[in-house]
Amino acid sequence: MPTPPSLSSRLPVFPWDRLEPYKATAAGHPGGIVDLSVGTPVDPVPEVIQRALADASDRPGYPTVWGTAELRDAITGWCERRLGARGLRPADVLPVVGSKELVAWLPVQLGLRPGDRVAFPRLAYPTYEVGARLAGAEPVAYDDPRDLDPEGLRLLWLNSPSNPTGRVLDAEVLRATVAWAREHGVLLFSDECYLELGWEADPVSVLHPDVCGGSHEGVVAVHSLSKRSNLAGYRAAFLAGDAGVLGELLTIRKHGGMMVPAPVQAATVAALNDDAHVAEQRLRYAARRDALRTALEKSGFRIEHSEASLYLWATRDEPCWETVADLAGRGVLVAPGDFYGSAGDRFVRVALTATDERVAEAVRRLGA
């Protein structure tokens with residue numbers, strides 16, 4: 001029997017596997033590891049969300065792919081209140097099973113194939129490239145999307161605030177990019193999962209009228225509750241924008257059974273309808289950010305961008321793996337910048353997602 005072609009052969013080595021020896025080194029520190037390498041929340045899930053999940057736990061039937069009416073209303077209401085998006089209808093939103101799943105499988109669900117092209121920032125979350133490769137499409141990295149050759153370009157990813165750099169694209173740049181994509185018939189998806197975590201900048205959504213001109217044609221925004229509500233374990237995210245695109249995705253996802261669990265849908269409603277817990281979490285991250293930034297700068301690092309998101313993009317102007325090794329020797333684990341593209345090979349990404357106690361310990365070790 002012939003062996004089927006290996007889909008995994010299209011993919012790069014999973015980057016985090018390369019970090020394992022350094023993680024072991026950091027874990028061997030007498031005071032234990034301070035893991036600042038992954039942006040996974042460590043603070044409790046807010047009580048209002050836990051209650052909503054528990055109250056919805058007796059849901060024996062299948063949930064719907066498009067979500068409950070309450071969930072769609074909560075998403076449209078949040079988009080109007082927080083993003084300034086106008087005129088969103090229930091058909092203009094779609095819940096998804098975490099944003100990483102969506103990023104990885106979007107090109108496949110859009111029907112992309114060999115000969116099609118998918119573009120993403122030169123410094124970027126690696127799953128944009130993975131999604132292109134899973135579909136057999138060509139991944140294309142850019143510095144400015146408006147410099148791209150639009151021939152064969154089917155999907156353009158924006159990411160503001162950026163992971164890993166924390167860079168924020170202003171409304172003027174976003175507006176020009178949306179106009180360019182529409183002019184060339186390129187579908188634009190904007191990953192805005194860190195939008196509520198602006199520090200020295202106020203991030204703007206592509207759905208804001210100043211950017212999209214009040215029309216969502218050819219534009220979709222991606223949002224997640226993992227960071228702003230500590231819900232990474234719930235896999236709660238959603239899309240908002242072009243109803244035609246979302247309708248096509250809905251059809252595909254119905255066939256594939258890509259359903260957000262009913263209790264998670266109820267928890268998402270509670271999370272989107274409550275702004276107080278987001279403000280509390282922002283204060284925690286702001287304090288950790290200030291402490292880590294000060295310590296990094298005092299120990300010889302330069303911080304670039306980082307005006308938003310949950311990371312500090314730091315460099316000592318040396319190869320990133322040398323920095324990783326040095327910090328691992330002090331029991332502090334960070335992510336090498338080349339995980340996010342070769343342009344990051346002299347940077348490390350330092351996450352704010354550690355407890356106050358561990359952040360204080362990292363500050364102490366950086367000063368040693």
Side-chain angles (χ1 to χ4, degrees), residues 19 22-23 25-27 29-44 123 159-170 193-203 226-228 230 277-340 343-368:
L19 199 57
Y22 301 91
K23 185 174 184 178
T25 297
H29 190 279
I33 189 173
V34 179
D35 193 343
L36 306 178
S37 68
V38 183
T40 186
V42 297
D43 299 303
L123 277 168
N159 180 209
S160 177
S162 163
N163 175 13
T165 69
R167 180 188 179 198
V168 172
L169 302 177
D170 63 29
C193 290
Y194 295 91
L195 185 136
E196 292 199 281
L197 294 164
W199 309 113
E200 287 100 19
D202 187 12
S226 293
K227 316 299 185 183
R228 48 95 73 189
N230 300 335
H277 77 273
V278 181
E280 292 175 6
Q281 189 61 43
R282 277 182 54 86
L283 291 174
R284 294 188 188 104
Y285 284 136
R288 293 166 187 165
R289 179 179 184 272
D290 288 346
L292 285 169
R293 179 165 195 155
T294 299
L296 286 165
E297 290 177 335
K298 284 183 176 179
S299 62
F301 284 87
R302 185 177 73 256
I303 308 298
E304 292 194 2
H305 293 302
S306 307
E307 59 262 32
S309 83
L310 283 181
Y311 312 105
L312 293 169
W313 189 236
T315 182
R316 289 192 307 205
D317 294 310
E318 65 185 6
C320 60
W321 287 98
E322 290 184 15
T323 309
V324 169
D326 174 63
L327 293 179
R330 298 192 237 175
V332 178
L333 189 67
V334 297
D338 67 2
F339 276 11
Y340 309 94
D345 63 2
R346 299 181 75 81
F347 286 81
V348 293
R349 194 195 73 169
V350 182
L352 310 180
T353 49
T355 63
D356 293 342
E357 182 275 327
R358 289 286 85 185
V359 167
E361 180 63 15
V363 168
R364 187 189 68 78
R365 294 179 190 180
L366 285 166

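Basis for what follows: all heavy atoms, side chains included, without hydrogens, waters or symmetry-related copies. Keep in mind that this is a model prediction, so the values were computed, not measured.
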**Student:** Are the side chains of Arg228 and His277 in contact, using a 4.5 Å heavy-atom criterion?
**Tutor:** yes
**Student:** Tell me, do Leu123 and Ser162 make a side-chain contact under 4.5 Å, heavy atoms counted?
**Tutor:** no
**Student:** Taking it one step at a time, do Arg167 and Glu307 satisfy side-chain contact (heavy atoms from CB on, under 4.5 Å)?
**Tutor:** CA-CA 6 Å; Arg167 180 188 179 198; Glu307 59 262 32; 4.1 Å; yes
**Student:** With side-chain contact (heavy atoms from CB on, under 4.5 Å) as the test, would you mind laying out the steps for Leu366 and Leu327 before giving the verdict?
**Tutor:** CA-CA 8 Å; Leu366 285 166; Leu327 293 179; 3.8 Å; yes
**Student:** Does any non-hydrogen side-chain atom of Tyr194 lie less than 4.5 Å from one of Tyr311?
**Tutor:** yes
**Student:** For Asp317 and Arg346: C-alpha separation, side-chain torsions, deciding distance, then whether salt bridge (Lys or Arg N to Asp or Glu O under 4.0 Å) applies.
**Tutor:** CA-CA 6 Å; Asp317 294 310; Arg346 299 181 75 81; 5.1 Å; no
**Student:** Side chains of Leu197 and Ser309: closer than 4.5 Å at any heavy-atom pair?
**Tutor:** no
**Student:** Does the side chain of Asp326 reach to within under 4.5 Å of the side chain of Arg316, using non-hydrogen atoms?
**Tutor:** yes
**Student:** Measure from the ring center of Trp199 to the ring center of Tyr285 and say whether it is less than 6.0 Å.
**Tutor:** no
**Student:** Less than 4.5 Å apart, any side-chain heavy atom of Thr165 and any of Glu304?
**Tutor:** no
**Student:** Looking at Val348, Leu312, Thr315, which hits side chain to side chain contact (heavy atoms under 4.5 Å, CB included) with Leu296?
**Tutor:** Leu312
**Student:** Below 30° counts as parallel, above 60° as perpendicular, anything between as tilted: where do the rings of Tyr22 and Trp321 land?
**Tutor:** tilted
**Student:** Just wondering, do Glu318 and Thr323 contact through their side chains at under 4.5 Å, heavy atoms?
**Tutor:** yes
**Student:** Could you tell me if the side chain of His29 sits less than 4.5 Å from the side chain of Val34, heavy atoms only?
**Tutor:** no
